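Each remark here refers to the structure printed beneath this line.
The figures that follow rest on heavy atoms only: side chains count, while hydrogens, waters and symmetry mates do not. Residue numbers start from 1 in every chain, and the chains themselves are labelled A, B, ... in the order their sequence lines are given, proteins ahead of strands. From a predicted model like this one, the values you see are computed outputs, not experimental measurements.
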Amino acid sequence: MIAFVIRRLLQGVLVMLVVGFIAFSLFNFVGDPVSLMLPPEATQADRQAMRENLGLDRPFYVQFATFIGNAVQGNFGISLRLGRPVSALLVERMPATLELAFVAASLALLVGIPLGVYTGLNRNAWLSRFFLAASLIGVSLPTFLIGIFLILIFAVWLGWLPSFGRGDTMMVGGWSTGFLSTSGLRALILPSITLGLFQLTLIMRLVRSEMLEVLRTDYIKFARARGLTNRAVNFGHALKNTLVPVITITGLQLGAIIAFAIITETVFQWPGMGLLFIQAVQFADIPVMAAYLCLIGFIFVVINLVVDMLYYFVDPRLRIDGTAAGGH
Amino acid sequence: MSTSSRPLLEVRNLRVEFNTRRGTLTAIDDVSFEIAPGEVLGLVGESGAGKSITGTAIIGLLEPPGRVAGGEIHLDGQRIDTLPAEQMRRIRGRQIGAIFQDPLTSLNPLYTIGRQITETIQTHLPMNARQARERAVALLKEVGIPAAERRIDHYPHQFSGGMRQRVVIALALCANPRLIIADEPTTALDVSIQAQIIQLLKKLCRDHGTAVMLVTHDMGVIAETADRVAVMYAGRLAEIGPVQEVIHHPKHPYSVGLMGSIPAIGQEVERLPQIEGSMPRLDAIPRGCAYNPRCPDVFERCRTQRPNLMPAGATRAACWLHARDGEASPGNRAEDSAHA
Ligand SMILES: Nc1ncnc2c1ncn2[C@@H]1O[C@H](COP(=O)(O)OP(=O)(O)OP(=O)(O)O)[C@@H](O)[C@H]1O
Ligand code: SF4
Ligand SMILES: [Mg+2]
């Protein structure tokens with residue numbers, strides 16, 4: 001187990017180095033940071049001073065090492081657009097994105113898994129066919145269209161829910177949460193549906209097909225032949241065996257939810273990291289872009305690590321080395 | 001067996017059909033047999049003859065499009081083929097245990113064998129967790145798992161194939177059923193351990209007074225284990241009778257072909273010897289006797305009229321050679337053997 005975790009950690013570090021390198025390259029390839037930061041009337045001497053100040057005259061690998069060193073400490077420099085430390089900006093925006101992602105992912109899991117189980121167990125039921133057809137829509141419609149439809153129906157026509165923003169937020173230990181106010185909760189509904197719908201349909205279809213697969217196996221047949229109740233067979237034996245792929249996909253999708261929150265945040269003017277990133281792109285605010293890139297990379301790496309550890313708990317074949325003890 | 005007057009299992013005119021796009025296939029056609037308490041009935045026949053479907057129909061686990069389309073199944077006097085699903089579930093495992101071909105895939109890989117056994121015990125018997133576990137350990141010992149107290153908490157993948165089949169046998173026996181349906185329980189195992197597993201199954205069932213319906217291709221196993229044998233062909237019973245009679249004096253030409261080259265008992269891998277031609281597909285079963293295209297003794301009546309099981313010497317065979325209704329049968333082979 002420990003060797004496994006260490007190996008995974010090392011892989012994670014490697015991935016982060018690559019991501020860091022890409023982020024670092026932004027500084028050098030997306031325009032000249034010096035001319036971006038100095039006013040147009042600056043002299044050649046000013047430029048040189050700035051260059052030395054920023055360490056841009058030093059060899060490439062020294063610069064990269066410095067960048068990584070700073071990044072590890074959470075120091076990504078100053079936002080060109082807002083003139084404040086990038087890390088502070090991200091920390092400020094992070095709760096909005098994480099809360100949205102959390103609600104969207106919970107929605108996807110809590111609705112997707114039961115629907116998948118239902119459609120898997122009742123393959124030919126009328127309702128199953130309906131869910132499957134509906135899920136095709138969820139998979140094929142682009143996120144922003146879903147968001148716009150939802151806004152049109154529930155905000156513009158019906159006027160039930162807000163169309164943008166987070167509502168009222170409260171600070172709880174440095175974390176601004178929308179969970180504690182009615183307007184905050186109401187504001188979460190449309191964006192989290194928009195963000196979670198794709199994942200919901202994906203999880204539903206995945207659980208369904210895994211369920212169908214598992215129900216055909218010999219051990220399910222044998223479980224029925226032993227007279228176990230349908231409940232024990234379907235939920236105790238079948239569902240658990242579908243979990244390994246579901247955990248993988250859900251883990252990857254959680255990363256995707258956070259990353260793709262960009263679109264939803266833009267549609268709903270949700271003050272999260274995604275919106276910050278989009279605005280940074282418009283202004284070529286490279287420190288913010290680089291930091292966002294590193295952060296998303298980091299989240300993916302952490303999620304992957306957690307997913308791998310979850311396997312360990314679900315599947316005993318990974319936990320114990322498979323030496324079959326005892327002869328015949 | 002004081003109640004030997006009443007059979008434990010009674011299958012009457014069983015008919016199983018599959019509704020497919022190309023019409024209705026009859027996989028089991030008018031099959032009747034009985035199993036007495038504690039008796040071992042061997043079921044043999046070529047691949048596709050309907051042996052597994054017969055077992056599956058008895059335990060009520062046919063999957064659509066398969067269905068029992070006719071006949072009756074009685075267990076200990078109670079009709080079970082028409083029981084509601086929930087009542088049939090209570091019979092599975094409790095009254096009728098099942099063992100399938102492949103021990104490697106019969107156990108859920110995600111649970112310890114102990115959990116799977118205690119779960120089954122507690123489903124059927126009023127026991128608390130501790131009692132169920134004690135019973136599970138005792139069962140594992142009985143099926144010959146060494147260090148059962150420790151091994152009970154292991155996962156299936158930590159056992160060899162032979163050991164896993166022992167666990168499967170423990171699972172099938174754990175609520176003390178009166179009948180075990182064992183569908184080729186050793187086919188997937190290493191040849192070197194097949195005999196051990198069969199011996200174990202035989203001993204356990206004798207000790208517990210459990211009747212067995214043993215499906216196998218292995219005539220050696222049949223000779224050694226079964227009390228009676230039923231020979232299936234194309235979804236029908238060709239012959240049924242005491243094991244020594246069917247093996248040494250088969251009356252149905254198909255059985256004669258099957259038994260043609262039985263190796264000595266104890267010899268390994270006795271696959272059914274090949275008979276010229278192959279069994280018809282379910283959608284092309286010939287009129288009259290299903291065996292008539294391959295039968296060396298075929299005569300006119302075989303092509304038009306279907307033979308039912310009829311007394312033939314010490315066994316019963318579905319073959320016109322043994323008809324005694326006055327209609328001529330050539331050569332009168334039946335007469336010779338009937339009085340043998
Ligand atoms: N789902 C199905 N649809 C149509 N026909 C089926 C289906 N399942 C089984 N059959 C047919 O039923 C017949 C009997 O099958 P069965 O599995 O009982 O054979 P078997 O005697 O057990 O053979 P084997 O020795 O190979 O196990 C076969 O001809 C098979 O093609
Ligand atoms: S009935 Fe006729 S064809 Fe069928 S087995 Fe007997 S002799 Fe052969
Ligand atoms: Mg079979």
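The contact between Arg89(B) and chain A is made by backbone and side chain atoms together, counting heavy-atom distances below 4.5 Å. Contacts of Ile96(B) with chain A are made by backbone atoms alone, with heavy-atom separations under 4.5 Å and no side-chain atom involved. With a 4.5 angstrom heavy-atom cutoff, Glu86(B) does not touch chain A via any of its atoms.
Remark: the backbone N or O of His237(A) is not paired with any side-chain donor or acceptor of Tyr111(B) at under 3.5 angstrom. Without hydrogens or angle criteria, Arg226(A) side chain to Gln116(B) main chain gives a donor-acceptor distance under 3.5 Å.
The OG1 atom of Thr120(B) lies 7.5 Å from the CZ atom of Phe222(A); values are rounded to the nearest 0.5 Å. With rounding to the nearest 0.5 angstrom, the CD1 atom of Ile59(B) is 8.5 Å from the NZ atom of Lys221(A).
Environment of CZ in Arg79(B): crowded, with over 12 heavy atoms of neighbouring residues, nucleotides or ligands closer than 6.0 Å.
Counting all heavy atoms, side chain and backbone alike, Thr123(B) lies closest to Gly227(A) at CG2-O, 3.5 Å. Considering every non-hydrogen atom in both Ala225(A) and Arg92(B), the closest pair reads O-CB, 3.5 Å. Heavy-atom minimum distance, Tyr219(A) versus Asn108(B): CB-N, 3.6 Å.
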| Yes or no on side chain to side chain contact (heavy atoms under 4.5 Å, CB included) for Leu228(A) and Glu119(B), after CA distance, side-chain angles and deciding distance? | CA-CA 8 Å; Leu228(A) 301 186; Glu119(B) 178 187 31; 3.6 Å; yes

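Below 4.5 Å, heavy atoms of chain B meet no heavy atom from residues 112-122 of chain A.
With respect to chain A, the highest number of heavy-atom pairs below 4.5 Å among Gly144(B), Gly93(B), Ala172(B), Ser106(B) belongs to Ser106(B). The most heavy-atom pairs under 4.5 Å with chain A, out of Gln122(B), Arg90(B), His124(B), Met88(B), come from His124(B). Among Ile181(B), Leu189(B), Leu171(B), the residue making the largest number of heavy-atom pairs under 4.5 Å with chain A is Leu171(B).
Counting heavy atoms from C-beta on, the side chains of Leu110(B) and Asn241(A) come closer than 4.5 Å.
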